[in-house]
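Step one of this worksheet: look at the structure below.
Just so it is clear, the values below take in all heavy atoms, side chains as well, and ignore hydrogens, waters and symmetry mates. Every value quoted in this text rests on a predicted model; they were computed, and no experiment measured them. We name chains A, B, ... by the order of the sequence lines, and we start the count at 1 in each one.
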2 protein chains.
Amino acid sequence: MNKQIMRKSSPTSLPSLSVRIDLDPEGRIGPGKILLLENIDSCGSISAAGRAMNMSYKRAWDLVDEINRICQQAAVERQTGGKNGGGAMLTPFGLSLVARYRKIERSAESAARKELQALRADIAVGRKG
Amino acid sequence: MNKQIMRKSSPTSLPSLSVRIDLDPEGRIGPGKILLLENIDSCGSISAAGRAMNMSYKRAWDLVDEINRICQQAAVERQTGGKNGGGAMLTPFGLSLVARYRKIERSAESAARKELQALRADIAVGRKG
DNA sequence: CATCGGTATGTTCGGTCAGACATAGCGAAT
DNA sequence: ATTCGCTATGTCTGACCGAACATACCGATG
């Protein structure tokens, strides 16, 4: 791991875009929550997802709650007890939320690429001078 | 002003996009800093800009410092003392930073509009059911 | 029915951050 | 030289936030 660290100014990656969606003045969804959802999808539980991204179970659980609340419907369905103590999975809505976010992110990044490069050029100018 | 407030679920505005630019793993520029820069540009001073957006002078000043640091060059030029006690204005770089950000924001918003509407539809479905 | 692992929730503690004050410096204008 | 308004900077304090613990519950499974 860490293949691309140690490179102080990775010329292709920065500056990069990060996108948030304001669903509610008090509720936003950004890269962090989406990554959590993806990890829940692939890990099958909130706690495993948390561990996978080095996040405490409580924090992950609270975020899931917040996501469900913001969306006014469940993006994650939890099952308590059972075979392996329970688990969690994305609802169809949750899956589509992730897919839509990633698509929006790609569109935005691609639409902004040129301006982003121009901005990088501006900043590089300042660096030398 | 405030022509479109008082509309609890303004159907055209939410969900909306908000864009941040990661210039540095530790330095991002988003809507707040850009708005501050715009206010500095129109008000002519950091303190007036802060007042205009109900932000303490210290906070505004700290943000300006952070912006200049992140960009590795001045986006805001300050003048201490003088005619009205001094003032601040955007440098050419600062002006172009704001312009580029706004353009990136518009591009992103426009590129994502369709998906955003689809997302709104998804959420509306959850609201009724 | 005891075990197991995850969900569900509350509590406590330490660090961080923003806001409120406080003050000094500066340079033009009077 | 005094005034004025803004820059420049430091300190303090309260609020908020996240990490760490601590339990309780739940349901399949052996």
Side-chain angles (χ1 to χ4, degrees), chain A residues 20 24-71 73-91 93-94, chain B residues 20 24-71 73-91 93-94:
Chain A
R20 296 176 175 220
D24 178 307
E26 291 310 301
R28 306 154 191 234
I29 289 192
K33 294 203 187 86
I34 293 296
L35 180 57
L36 175 62
L37 290 181
E38 288 170 336
N39 281 334
I40 290 172
D41 188 42
S42 64
C43 298
S45 82
I46 296 176
S47 74
R51 281 194 301 273
M53 54 199 299
N54 204 29
M55 174 185 291
S56 75
Y57 169 68
K58 177 156 178 61
R59 171 130 185 80
W61 190 91
D62 283 346
L63 285 176
V64 166
D65 235 38
E66 192 184 341
I67 294 169
N68 286 346
R69 182 185 58 77
I70 290 173
C71 297
Q73 64 192 290
V76 175
E77 189 164 305
R78 297 118 135 175
Q79 182 181 2
T80 107
K83 170 130 183 168
N84 284 322
M89 57 182 299
L90 298 196
T91 63
F93 169 75
Chain B
R20 295 176 175 219
D24 178 306
E26 292 310 301
R28 305 154 190 235
I29 289 192
K33 294 204 188 85
I34 294 296
L35 180 57
L36 175 61
L37 291 181
E38 287 171 336
N39 280 334
I40 290 172
D41 188 42
S42 63
C43 297
S45 82
I46 295 176
S47 73
R51 280 194 302 272
M53 54 198 300
N54 204 28
M55 174 185 290
S56 74
Y57 169 67
K58 177 158 177 59
R59 171 129 186 81
W61 190 91
D62 282 345
L63 285 176
V64 166
D65 236 36
E66 192 185 339
I67 293 169
N68 286 345
R69 182 186 56 79
I70 289 173
C71 298
Q73 65 193 288
V76 175
E77 190 163 305
R78 296 119 137 174
Q79 182 182 1
T80 107
K83 170 133 186 165
N84 284 321
M89 57 182 300
L90 298 196
T91 64
F93 169 75

L36(B) and R59(B), any side-chain heavy atoms less than 4.5 Å apart: no
Within-4.5 Å side-chain heavy-atom neighbours: L63(A) and M55(A): yes
Atom of I70(B), atom of G27(B) and distance for their closest heavy-atom approach: CD1-CA, 3.6 Å
Along DNA chain D (nearest heavy atom to each residue), the more 5'-positioned of N84(A) and G44(B): G44(B)
Distance below 4.0 Å between R78(A) side-chain N/O and dT7(C) OP1 or OP2: no
Value in whole Å for how far the P atom of dT9(D) lies from CD1 of I46(B): 11 Å
Length of the line joining R69(A):CZ and dT9(C):P, which is rounded to integer Å: 15 Å
Separation of dG5(C) C1' from Q79(A) CD (nearest whole Å): 13 Å
Touch class at under 4.0 angstrom, heavy-atom based, for G82(A) against every strand present: base
Shortest non-hydrogen contact from C71(A) toward I29(A): SG-CD1, 4.0 Å
Earlier contact from the 5' end, DNA chain C, for D65(A) and K83(A): K83(A)
Interatomic distance, R51(A) CZ vs dA19(D) P [rounded to whole Å]: 16 Å
N/O (side chain, S56(B)) to phosphate O (OP1/OP2, dA18(C)) under 4.0 Å: no
Residue met sooner reading DNA chain D from 5', once T80(A) and M55(A) are mapped to nucleotides: M55(A)
Separation of atom NZ in K58(B) from atom P in dT13(D), rounded to whole Å: 16 Å
Rounded interatomic separation in angstrom, taking CG from N54(B) and C1' from dG19(C): 11 Å
Touch class at under 4.0 angstrom, heavy-atom based, for G86(A) against every strand present: sugar-phosphate
V76(B) and T91(B), any side-chain heavy atoms less than 4.5 Å apart: no
side-chain N/O W61(B) vs dT7(D) OP1/OP2, d < 4.0 Å: no
Distance test, side-chain N/O of S47(B) to OP1/OP2 of dT7(D), below 4.0 Å: yes
Value in whole Å for how far the P atom of dT7(C) lies from CG of N68(A): 13 Å
Interatomic distance, M89(A) CE vs dT7(C) C1' [rounded to whole Å]: 16 Å
